[in-house]
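Note that these values count all heavy atoms, side chains included, but never hydrogens, waters or copies made by symmetry. Proteins come first, then strands; the chains are lettered A, B, ... in the order of their sequence lines, and each starts at number 1.
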Amino acid sequence: GAGVSQSPSNKVTEKGKDVELRCDPISGHTALYWYRQRLGQGLEFLIYFQGNSAPDKSGLPSDRFSAERTGESVSTLTIQRTQQEDSAVYLCASSGQGGKTEAFFGQGTRLTVV
Amino acid sequence: RKEVEQDPGPFNVPEGATVAFNCTYSNSASQSFFWYRQDCRKEPKLLMSVYSSGNEDGRFTAQLNRASQYISLLIRDSKLSDSATYLCVVTIRAAGNKLTFGGGTRVLVKP
């Protein structure tokens, strides 16, 4: 597709369950970002992948959060043992060369932990 | 101190008026600058890049002041559809050109 694609668009899960969120970046984009946005709040940086460099994981809030990316393709964000405070929209963005070009966002995954 | 700071607003703007707001960044090595727009419950979308000489796109004008480390966005002839949160974005070479977002400035255009 032409844009960043995220799935699922909505996810409701029970507290304590694991969830996996997927991001398909724009083809050829070397950089990929995950952000979290709670209702009424700003964007919270989670993790940044840039080509073959080690990912910048400085934004991951706890060891329950992890993300992987294979090459310059799909990325998955995994949240283990979900808590109610994990409820938020998780946004993925990709860019051409790590900030040298603008980034484009997917529509996000709205996660609700009940 | 946050790397990128914005006045959260809201800026209440009469339709047809001009509104301007700034964004300050702390790292003098910042390389690229952007303004994004985010509508309620939607993803951020690129509004415009900000170039050193300043640039204009229709009713929107962006300026960069490297000496004072801020960028600005001016909206002329405001439309109701301009109501949104405007996000300032900076990339820092030392951080691998990672995008760093400000908290956003909310603009409400009223009839």
Using the rule given for ring pair (Phe, Tyr, Trp, His ring centres under 6.0 Å), can you reason through A:Tyr35 versus B:Tyr36, listing the C-alpha separation, both sets of side-chain angles and the distance that settles it, and then say yes or no? CA-CA 15 Å; A:Tyr35 294 91; B:Tyr36 278 70; 9.7 Å; no
For A:Tyr33 and B:Leu99, work out which heavy atoms get closest and say how close. OH-N, 3.2 Å
Shared ILVMFWY cluster between B:Ile75 and B:Phe33, side chains joined below 4.5 angstrom? yes
Inter-chain contacts: residues 38-48 of chain B against chain A, heavy atoms under 4.5 Å: B:Gln38, B:Arg41, B:Glu43, B:Pro44, B:Leu46
Treating Ile, Leu, Val, Met, Phe, Trp and Tyr as nodes and any side-chain heavy-atom pair under 4.5 angstrom as an edge, say whether B:Trp35 and B:Phe11 lie in one connected cluster. yes
For B:Glu56, what residues pass the salt bridge (Lys or Arg N to Asp or Glu O under 4.0 Å) criterion, not counting sequence neighbours? B:Arg76
Residue A:Gln107 excluded, over 12 heavy atoms near CD under 6.0 Å: no
Tell me, side chain or backbone of A:Glu44 under 4.5 Å from chain B's heavy atoms, or both, or neither? neither
Test of understanding: clusters of I, L, V, M, F, W, Y form through side-chain heavy atoms closer than 4.5 Å, transitively. Do B:Val90 and B:Leu73 belong to the same one? yes
Hey, any chance B:Tyr86 and B:Tyr70 share a hydrophobic cluster, counting ILVMFWY side chains that come within less than 4.5 Å of each other, even indirectly? no
Pairs satisfying side chain to side chain donor-acceptor pair (under 3.5 Å), at least one member in residues 66-85 of chain A, at least two apart: A:Trp34-A:Ser75
Please flag which part of A:Ser53 lies under 4.5 Å from any non-hydrogen atom of chain B: side chain, backbone, both or neither. neither
Contacts of type salt bridge (Lys or Arg N to Asp or Glu O under 4.0 Å), residue B:Lys79, not counting sequence neighbours: B:Asp77
Single-linkage hydrophobic cluster, 4.5 Å side-chain cutoff, A:Ile47 and A:Val19 together: yes
Chain B contact via A:Phe105 - which portion, at a heavy-atom distance below 4.5 Å: both
Point-to-point distance, once rounded to the nearest 0.5 Å, from OG of A:Ser58 to NZ of B:Lys98: 4.0 Å
